[in-house]
Amino acid sequence: MIQVKNLTFSYTKKPFIQDMNFEVEEGEIFGFLGPSGAGKSTLQKILLGMLPGYQGSAVVGGVECSKHDAEFYQDIGVDFEYSTMYEKLTAKENLEFFSSLYDTSGKTDGAQGGKKKRDLDELFAAVGLENDAEKRVSDYSKGMKSRLNFIKALVHEPKLLFLDEPTSGLDPANSRLMKDMILEEKRKGKTILLTTHNMQDAAELCDRVAFIVGGQIYALDTPHNLIMSKGAAKVTYTWLDDEMIEHSASCDLLELSQDKRLKNLIAENRLQSIHSSEPTLNDIFIEITGRTLV
Ligand SMILES: Nc1ncnc2c1ncn2[C@@H]1O[C@H](COP(=O)(O)OP(=O)(O)O)[C@@H](O)[C@H]1O
Ligand SMILES: [Mg+2]
């Protein structure tokens, strides 16, 4: 679906995207994970054809991004990082307007021979905005705008979705709801490009993740492989000494059999607790890039 080769881009003299290479398969959720300012939104904008002055190649749906015409956008849904609604219109008027921009003729999976669009009331209900559809967007909170922006990307049943920080600013319940909807779109066969600085979202949603810092890709793999690549799981255990003071120690899971203290504690039946823990994607991100995700 997407092929990027030796992609380099600059807003000024300094390079903001540096020699990136990756491909995105049809039907996958591909994540750009990196801290603020890493270049995630810039990369999405290049793939959307909004920043045509790049070097190298970025092909989406078989066409070079700098050469996309209006037809390209019929099958693209974008949830920009910032609200893109008309504040004086109601939420429903906004969606009706944006929905009307998409062509309903020529494609044949709709009831009237046109391309089927999503039912707006159903979309509002899906993100818990069914009672707010008639409100002006200027009266919406940040989280409500974020949910509205997301369903706007879905109105025309696009094949390819670009979601820029879709869960940022949402409370845990709405974040969960949004993530479930993203997974539902994947089940329907959509290809999804997602940017996030939230490693939990990346681990939960993405089939593959690219670690991005300073406009460069530092690693690219499935979340599981990334975790396992550096992932010496640790075992932590605690015990009480003769004065009933608690102590703890840890060792790598793979070196467990060589830990003499642990052996003795087991033999003497003195272990208070023992648990193992894998590194998180966050730990791996720091280890590989030397940066935190904030
Ligand atoms: N229109 C612009 N002109 C100049 N610099 C920009 C512009 N947009 C973004 N940048 C800079 O490019 C870098 C990457 O930004 P961005 O792609 O928005 O990062 P992210 O989405 O990962 O937070 C940042 O240093 C940002 O300040
Ligand atoms: Mg961004």
Side-chain angles (χ1 to χ4, degrees), residues 2 4-22 24 29-60 65-66 68 76-85 142-143 145-153 158 160-170 174-175 178-179 182 191-206 208-221 223 226 280-282 284-294:
I2 296 174
V4 170
K5 284 196 195 109
N6 306 117
L7 182 69
T8 298
F9 175 81
S10 189
Y11 288 110
T12 54
K13 287 199 176 123
K14 181 175 156 243
F16 285 90
I17 298 290
Q18 302 183 55
D19 199 27
M20 281 194 179
N21 291 281
F22 63 90
V24 180
I29 304 186
F30 189 95
F32 302 132
L33 181 67
S36 175
K40 306 180 298 293
S41 298
T42 300
L43 182 54
Q44 279 210 350
K45 285 179 194 159
I46 294 172
L47 297 176
L48 282 166
M50 293 166 67
L51 299 171
Y54 56 81
Q55 280 104 53
S57 168
V59 174
V60 178
C65 290
S66 53
H68 279 299
I76 305 281
V78 191
D79 177 3
F80 284 106
E81 194 172 2
Y82 304 105
S83 174
T84 50
M85 301 290 162
K142 192 165 175 272
K145 282 184 186 168
S146 184
R147 285 179 275 157
L148 181 61
N149 231 25
F150 173 67
I151 56 174
K152 177 192 145 197
L160 177 57
L161 276 171
F162 288 88
L163 308 176
D164 200 352
E165 310 264 357
T167 60
S168 92
L170 293 184
N174 278 312
S175 174
M178 179 100 57
K179 284 192 271 190
I182 293 169
T191 307
I192 302 169
L193 260 83
L194 180 109
T195 80
T196 180
H197 62 268
N198 182 319
M199 72 96 194
Q200 243 168 327
D201 286 2
E204 218 178 300
L205 296 173
C206 298
R208 289 188 304 143
V209 176
F211 285 177
I212 299 183
V213 173
Q216 286 178 286
I217 295 181
Y218 279 72
L220 197 172
D221 211 328
L226 286 165
T280 64
L281 203 53
N282 207 24
I284 303 299
F285 191 92
I286 293 167
E287 195 170 336
I288 291 179
T289 69
R291 284 284 311 265
T292 59
L293 277 165
V294 192

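Read the numbers this way: they start at 1 and go in the same order the structure lists the ligands and their atoms.
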Could K14 and Y11 be counted as a cation-pi pair, given that NZ or CZ must be under 6.0 Å from the ring centre and within 45° of the axis?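 So K14 doesn't make the cation-pi contact.
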
#### Entry: Heteroatom N/O/S of E81 within less than 2.8 Å of the Mg ion (ligand 2)
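Checking E81: at least one N, O or S atom is under 2.8 Å.
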
- Message: Taking N, O or S atoms only and a limit of 2.8 Å, check whether S41 reaches the Mg ion (ligand 2).
- Response: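 Looking at S41, which is the residue asked about, there is an N, O or S atom under 2.8 Å from the Mg ion (ligand 2).
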
| Under 4.0 Å between a Lys/Arg side-chain N and an Asp/Glu carboxylate O for D201 and K179? |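 Looking at K179 together with D201, the answer is yes, because their closest N to O distance falls below 4.0 Å.
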
Under the 3.5 angstrom rule, does the side chain of [X] hit a backbone N or O of [Y] as a donor-acceptor pair?
X	Y	result
T196	L33	no
N21	N6	yes
Y54	I17	no
K40	I212	no

Checking N149 against T84: is there a side-chain donor and acceptor pair closer than 3.5 Å?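 Per modelled atom types, T84 and N149 side chains form a pair under 3.5 Å.
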
Problem set entry | Residue-ligand contact G34/ligand 1, heavy atom below 4.0 Å |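 Heavy atoms of G34 never come under 4.0 Å of ligand 1.
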
Margin query: Just to check, does G215 reach to within less than 4.0 Å of ligand 1 when the distance is taken from its heavy atoms?
Written below: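 No, G215 has no heavy atoms under 4.0 Å from ligand 1.
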
Inset, instruction - Please name the pair of heavy atoms, one in L194 and one in C206, separated by the smallest distance, quoted to 0.1 Å. - result: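 For L194 versus C206, the nearest heavy atoms are CD2-SG, 3.8 Å.
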
Using a 4.0 Å cutoff against the non-hydrogen atoms of [X], which atoms of ligand 1 qualify?
X	value
S36	23 (O)
A38	19 (O), 20 (P), 22 (O)
P35	22 (O)

Around [atom], find the nearest protein heavy atom and jot down its residue, atom name and distance.
atom	value
atom 15 (O) of ligand 1	T42 OG1, 3.8 Å
atom 14 (C) of ligand 1	G37 O, 3.4 Å
atom 19 (O) of ligand 1	G39 N, 3.2 Å

- Task: Using the six-membered ring wherever Trp is involved, compare the ring planes of F30 and F22 and label them parallel, tilted or perpendicular (cut-offs 30° and 60°).
- Result: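 Because their plane-to-plane angle is under 30°, the rings of F30 and F22 count as parallel.
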
_Spatial distance of atom CD1 (I217) from atom CZ (F211) [nearest 0.5 Å]_ =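 If I round to the nearest 0.5 Å, the distance is 11.5 Å.
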
Requested in this report: Verify the contact flag for atom 6 (C) of ligand 1, where contact means a protein heavy atom under 4.0 Å away.
Outcome: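 Given the 4.0 Å cut-off, atom 6 (C) of ligand 1 counts as touching protein heavy atoms.
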
Worksheet entry | Flag: protein heavy atom within less than 4.0 Å of atom 17 (O) of ligand 1 |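 Under 4.0 Å from atom 17 (O) of ligand 1, at least one protein heavy atom found.
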
- Can you find an N/O atom of T12 closer than 3.5 Å to an N/O atom of ligand 1?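 In fact, backbone or side chain, T12 has no N or O that close.
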
- Message: Below 3.5 Å, N or O to N or O, backbone or side chain included: is there any such pair between K40 and ligand 1?
- Response: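 Yes, since at least one N or O of K40 sits under 3.5 Å from an N or O of ligand 1.
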
Practice prompt. Select the closest option to atom 8 (N) of ligand 1 among Y11, F9, F32, F16, judged by heavy-atom distance.
Written response: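 Considering heavy atoms of Y11, F9, F32, F16, the nearest to atom 8 (N) of ligand 1 sits in Y11.
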
